[in-house]
Structures are given as C-alpha cells and as structure tokens.
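As the structure lists them, so they are numbered: ligands from 1, and atoms in each ligand from 1. Quick note: numbers below take in every heavy atom, side chains included, and nothing from hydrogens, waters or symmetry partners. Bear in mind the structure is a predicted one, so any value in this text is a computation, not a measurement.
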Amino acid sequence: MQCGDRRLDLSRVQVMGILNVTPDSFSDGGSYYRGGCLAAEQALQRAAEMVDEGATIVDIGGESTRPGAAPVSVQEELDRVLPAVERIRAELDVVISIDSSTPEVFTETATIGAGMLNDVRALTREGALEAAAATGLPVCLMHMQGNTPADMQWAPHYDDVVQEVADFLTRRVQACERAGIPRERLILDPGFGFGKTLEHNLRLLNRLEALHALALPLLVGTSRKTMIGQALDRPVDQRQAGSLATAVIAVSKGAHIMRVHDVAATVDAVRMTEAVLRESKGEQP
Ligand code: 7PJ
C-alpha cells in the first residue's frame, strides 16, 4: 500500500506504535505534552524507540478518544500534532499515521508528510470525506457505536455485533468510493472498545474472519484496553501479556496491522505467530 512516498508491505503484519500527544491520554499519563505546547523532541524520542523496536508506522493522536474525554479545538489539535509530525518526518524512516477526525488536520499533516489517516469516526465529520480524498492518502475506517467517544459507552447494544460492524464499514467504504477514495486506499477496523461491552469485543475478536468478506486490510487495536482489564482484572499498567494474547489471536485470524503501545514484545509475538502460520501453508520457516 502506497502511503505518501513510502510503501507498506501488507503481505506481512505491520506493527503500528501509538504516540499520544494529548495531555490526558490514559496509558502514558500525557508525558509527551507540556504546558500548552507539544514536546516534539520527546515525541520524536519515543517514536525513534518504537521504530528501533520494529514499528513501521507511528500513529500520532492529538485528540483523546477515551470515553468521556473533553473535546479539543481544531487549533489545539493542530498545535499538538504538527510539530511532532515535522520532527518525526525529518528524522525517521517510518509511515506517519494521523489519528484524527478533523478535516483541517488531515489537510495540514498531509502537506508536511503524513502517510496515512486513521479516523475513529470513519470520516463522518463534516468535510472529512472531501479533505481525506484530497490528500490521496490511505485511510483507516473504524467502527464506533454512538456518535462521539463521550457517549459511546452508554449502554452499547447490538442484535448482532459482527453483522452491524460489517454493515457500517460497508456503508463507509461506499461513501469513500463516492467521494473519490478508491478501495485500494482503505483499511478497516472493528473498533475494539468503542461502544462495545466485553462480550461484544470478545465476539468481534473471535469472528474477525467475517470482516475479510469486505476484502480490505484489517487493523486491530486492543492494546491495554478495558476489555483486557475486564477479562483479567488488571489495571492499565499490567495488561501487556493480555494485549499480546489478543495480538496473536488477531494475527492468526488474518489481521494486517496491529496498533500497540508495547512494540518490541508485539513484534516478537507477531513474527512467531506468522512463522507458525507459514508452516501451515507449507512455506519455508
Ligand atoms: C483505536 C484507534 C483503535 C484505530 C484509538 C486507545 C484508544 N484507532 N485509536 N483503532 N483506538 N484505528 O488506544 O485505547 O482501536 S484511541
């Protein structure tokens, strides 16, 4: 997949490292953000570490999407994200993914070298489809129930979670195609934890293969999420092993990109899983 001037080989699983540049992201304590201005150097340092550990994509987010998080202004999001994109672009050989739903952020970051857009709202915001199309970049479309992270965990309900997620993603793929974003540029994500109970999340992971019917690459983000906390009764700083277990399952069910905090451990888990899968296809180790 062409990501700006870089190519991503989706015949192997790629690991996307999470880089939050928000003051309130729950699992890194907002340590990459300082007093109203982004610590781009710290963001670069963390990104470099993740690249050393085997990440081929870094996902930069300037809007907290944790349930109940306060909204940020467009200017604030730009102020957080742009300096980090600039520094990482200048220093590292990595695809820069932008975790955003904001048309202005798509446009501005694409201009300075972002390689992929990752929208938890699947380009549903006013002007998002048009802005994303104009960048020419690949887009990850994620499913979320409820309109915003602020209200999504209010009693999630589905008759059939797998079918409803697949139907939603199908509609968004069609909307993208109508707006001039070809299928070749789309990646799909069931949106673990976004308007889903533990049961919904476990069902989606078990039935991940069902999403292959849409014939597009799949991205999975379960790293350190509440579903792991609930299944294991672990706080957020003790969810690495549980996160790795979900990565192994996702990869064995055909996920193409894993979005994670713990890059080194995930790369090993993913490579080991791929080695076993290759054997089952009669390929050389
Ligand atoms: C996801 C995301 C995810 C995609 C977040 C967190 C919450 N983007 N952004 N998929 N999650 N594509 O990392 O816990 O699951 S933010």
**Fill in**
V120 heavy atoms within 4.0 Å reach ligand 1 at atoms 2 (C), 8 (N), 9 (N)
**Prompt:** salt bridge (charged side-chain N to carboxylate O under 4.0 Å, His left out) between R203 and E199: does it pass, once the steps are laid out?
**Reply:** CA-CA 6 Å; R203 168 72 58 85; E199 209 180 344; 5.3 Å; no
**Asked** Do you know which two heavy atoms are closest between R224 and D262, and how far apart they sit?
**Response** NH2-OD1, 2.9 Å
**Item:** Region of D59 that comes within reach of ligand 1 [heavy atoms, distance under 4.0 Å]
**Value:** neither
**Asked** Quick one: which ligand 1 atoms are inside 4.0 Å of a heavy atom on D189?
**Response** 3 (C), 4 (C), 10 (N), 12 (N), 15 (O)
**Message:** At less than 4.0 angstrom from any non-hydrogen atom of L219, what atoms of ligand 1 do you find?
**Reply:** 12 (N)
**Item:** From D59, I98, I187, residue fulfilling side-chain contact (heavy atoms from CB on, under 4.5 Å) relative to N118
**Value:** D59
**ligand 1 contact on D99 by region, counting heavy-atom pairs under 4.0 Å** = side chain
**Complete:** Within 4.0 Å of some non-hydrogen atom of N118, the atoms of ligand 1 are 4 (C), 8 (N), 12 (N)
**Prompt:** Does G191 offer a backbone N or O that forms a donor-acceptor pair with the side chain of K196 under 3.5 Å?
**Reply:** yes
**Asked** At a 4.0 Å threshold, what atoms of ligand 1 neighbour a non-hydrogen atom of C140?
**Response** 12 (N)
**Message:** Between ligand 1 and G221, is the shortest N or O to N or O distance under 3.5 Å?
**Reply:** yes
**Request:** May I ask you to identify, for R259, whether its side chain, its backbone, both or neither come under 4.0 Å of ligand 1 on a heavy-atom basis?
**Result:** side chain
**Request:** Check the pair E86, R89 against salt bridge (charged side-chain N to carboxylate O under 4.0 Å, His left out), reporting the backbone distance first and the verdict last.
**Result:** CA-CA 5 Å; E86 228 158 36; R89 168 75 179 174; over 6 Å; no
**Message:** Determine whether E274 and R271 satisfy the following criterion, salt bridge (charged side-chain N to carboxylate O under 4.0 Å, His left out), listing intermediate values before the conclusion.
**Reply:** CA-CA 5 Å; E274 286 184 303; R271 295 292 165 249; 2.5 Å; yes
**Message:** Exactly one of R125, E63, E77, R121 should register a side-chain hydrogen bond (donor to acceptor under 3.5 Å, both in side chains) with S100. Which one does?
**Reply:** E77
